[in-house]
Amino acid sequence: MPLYNTDYLQLSLEHIISLTFISDPATGRRRNAVSHDAILDATYVMLEEIGFDKLSLEGVATRAGVGKATIYRWWPNKSALAMEALLRAVEPMPSIGDSGCARKDIEDHITGLAQLFRGKSGRVVREMIALAQFDDDTMRIFNDSYLKPRRSALVEALRRGAQRGEFREDFDLNLVFDLLYAPLLQRLLTGSADIDERQVNAQLKLVLSSIALEHPITESSQD
């Protein structure tokens, strides 16, 4: 009779391996989590210190204490590495709850996003968008890791509103997302105007009123 549970040991070993290694989203290869974090930490610190133009993969490798070949194996180029480091630094997306009123949920989300853009996250997002212009791989990372989750969450809230009778059902969900996010990103990138509460409220009223039903359908109105 074995003195230990082999199934338990196998599961424990798999758990330890899962904590030590992470999967590379592009190649499926396993990355050592400690080295991965050290590289991203070094990259972000060096971006802060010397900027993207002076950043080198050799310098990152030295700072992180890893071989240069490790970085080349995990990232296709400098801009992709910088993008991943910035993505890790940006603050989490403001949640989009389900309070029963989709319009309020969306307003709270955009208001929270604007607040983040006025702080450190605004600078980080601005740098990410600039990096995304360098090549297709970096653009894909930005779209998949930053924009896509935010688009999906907001589109789902808009869909709930349409299903519950708050909004019309004949509008383009993705277009409304663009109309809500684009003015904030444009002001963030160009500095043409502040992202202040008055401007955000006016934008929300303009966009959401254009898709709102004049007389929202409620449970009482259906009786």
Side-chain angles (χ1 to χ4, degrees), residues 43-44 47-48 50-55 77-97 101-162 166-212:
T43 302
Y44 184 74
L47 285 170
E48 291 276 287
I50 61 176
F52 178 76
D53 288 342
K54 295 181 180 179
L55 184 73
N77 50 49
K78 181 176 80 168
S79 55
L81 171 60
M83 176 66 77
E84 190 167 334
L86 290 171
L87 280 166
R88 202 170 71 146
V90 76
E91 295 177 71
M93 174 182 70
S95 62
I96 305 182
C101 176
R103 179 164 185 160
K104 181 182 183 303
D105 296 336
I106 294 167
E107 289 172 343
D108 288 346
H109 170 72
I110 295 297
T111 300
L113 180 69
Q115 184 174 355
L116 289 179
F117 279 0
R118 290 193 288 267
K120 173 189 172 183
S121 278
R123 177 178 56 77
V124 174
V125 171
R126 187 165 55 242
E127 291 176 3
M128 287 196 297
I129 294 173
L131 278 176
Q133 312 311 308
F134 276 80
D135 58 75
D136 292 341
D137 282 334
T138 313
M139 179 71 78
R140 175 186 53 76
I141 293 169
F142 176 72
N143 283 328
D144 288 351
S145 301
Y146 185 82
L147 275 185
K148 189 175 180 180
R150 288 156 176 77
R151 182 181 294 275
S152 297
L154 190 53
V155 162
E156 179 57 33
L158 289 164
R159 184 176 289 113
R160 283 200 306 269
E166 294 180 57
F167 303 139
R168 304 196 326 259
E169 295 184 335
D170 60 346
F171 65 92
D172 185 325
L173 296 169
N174 284 292
L175 177 58
V176 175
F177 170 86
D178 293 339
L179 291 171
L180 289 168
Y181 260 67
L184 298 180
L185 292 173
Q186 186 268 340
R187 290 180 177 227
L188 179 67
L189 287 172
T190 65
S192 59
D194 293 332
I195 305 175
D196 56 32
E197 186 175 348
R198 181 191 58 80
Q199 178 266 327
V200 172
N201 289 337
Q203 173 193 334
L204 284 166
K205 182 177 180 180
L206 180 65
V207 176
L208 296 180
S209 294
S210 71
I211 64 171

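The structure presented is a predicted model; accordingly, all values stated were derived computationally and were not measured.
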TODO: Work out which heavy atom in Ile141 is nearest to a heavy atom in Ala80; give both atom names and the distance.
DONE: CD1-CB, 3.8 Å

Task: Check: Asp194 main-chain N/O paired with Arg187 side-chain donor or acceptor under 3.5 Å - done: yes

- [ ] Answer yes or no: is there a side-chain heavy-atom contact under 4.5 Å between Leu131 and Phe142?
- [x] no

Open item on the list: I need the minimum non-hydrogen distance between Gly97 and Arg160, along with the two atoms involved.
Closed with: O-NH2, 2.9 Å

Open item on the list: Working note: Leu179 + Gln203, criterion side-chain contact (heavy atoms from CB on, under 4.5 Å); need CA distance, chi angles, decisive distance, verdict.
Closed with: CA-CA 9 Å; Leu179 291 171; Gln203 173 193 334; over 6 Å; no

- [ ] Not counting sequence neighbours, list each pair that qualifies as a side-chain hydrogen bond (donor to acceptor under 3.5 Å, both in side chains) and has a residue in residues 118-128.
- [x] Glu48-Arg123, Glu91-Ser121, Arg123-Glu127

Task: Check: Ile129 main-chain N/O paired with Gln133 side-chain donor or acceptor under 3.5 Å - done: yes

Task: Side-chain (Glu166) to main-chain (Ala102) donor-acceptor, under 3.5 angstrom - done: yes

- [ ] Any chance you could measure Met139, atom CE, to Asp137, atom CG, to the nearest 0.5 Å?
- [x] 11.5 Å

- [ ] Measure the shortest side-chain to side-chain distance between Thr111 and Leu204 over non-hydrogen atoms and say whether it is less than 4.5 angstrom.
- [x] yes

Task: Point-to-point distance, once rounded to the nearest 0.5 Å, from CZ of Phe167 to CG of Leu173 - done: 10.5 Å

TODO: Please report the C-alpha distance between Ser209 and Arg103 in whole Å, then the side-chain angles of each, then the deciding distance to 0.1 Å, and finally whether the side chain to side chain donor-acceptor pair (under 3.5 Å) criterion is met.
DONE: CA-CA 10 Å; Ser209 294; Arg103 179 164 185 160; 3.3 Å; yes

Open item on the list: Given 3.5 Å as the limit, does a donor-acceptor pair link the side chain of Arg168 with the main chain of Ser210, or not?
Closed with: yes

- [ ] Check whether any side-chain heavy atom of Val155 sits under 4.5 Å from a side-chain heavy atom of Arg159, and report yes or no.
- [x] yes

Open item on the list: Which residue is it: Asn201, Asp105, Val200? I am looking for the one with a side-chain contact (heavy atoms from CB on, under 4.5 Å) to Ile110.
Closed with: Val200

Open item on the list: I'd like to know if the side chain of Ser152 reaches the main chain of Lys148, judged simply by a donor and an acceptor atom lying under 3.5 Å from each other, with no hydrogens or angles considered.
Closed with: yes

- [ ] Any chance you could measure Leu154, atom CG, to Met93, atom CE, to the nearest 0.5 Å?
- [x] 9.0 Å

Task: Student check: side-chain heavy atoms of Pro94 and Asp108 closer than 4.5 Å - done: no

Open item on the list: If you count every heavy atom of other residues, nucleotides or ligands that lies below 6.0 Å from Gln186 atom CD, does the total exceed 12?
Closed with: yes

Open item on the list: Quick check: do Tyr44 and Arg88 have side-chain heavy atoms less than 4.5 Å from each other?
Closed with: no

- [ ] Decide yes or no for Asn77 and Leu81: does some side-chain heavy atom of the first lie under 4.5 Å from some side-chain heavy atom of the second?
- [x] no

TODO: Say whether, by atom type as modelled, one donor and one acceptor occur between the side chain of His109 and the main chain of Ile96 under 3.5 angstrom.
DONE: no

TODO: Would you check if the side chain of Lys78 reaches a backbone N or O of Phe52 as a donor-acceptor pair within less than 3.5 Å?
DONE: yes

- [ ] Kindly indicate whether the side chain of Leu185, heavy atoms from C-beta on, has any atom under 4.5 Å from the side chain of Val125.
- [x] yes

Task: Residues Glu107, Lys104: salt bridge by 4.0 Å N-O rule - done: no

Task: Electrostatic pair Arg140-Asp136, nearest N-O below 4.0 angstrom - done: no

Open item on the list: Do Leu86 and Val90 have side chains that approach each other closer than 4.5 Å (heavy atoms only, starting at C-beta)?
Closed with: no

Task: Aromatic ring proximity Tyr181/Phe117, centre distance under 6.0 Å - done: no

Open item on the list: For the residue pair Thr138 / Asp135, report whether a side-chain donor-acceptor contact shorter than 3.5 Å exists.
Closed with: yes

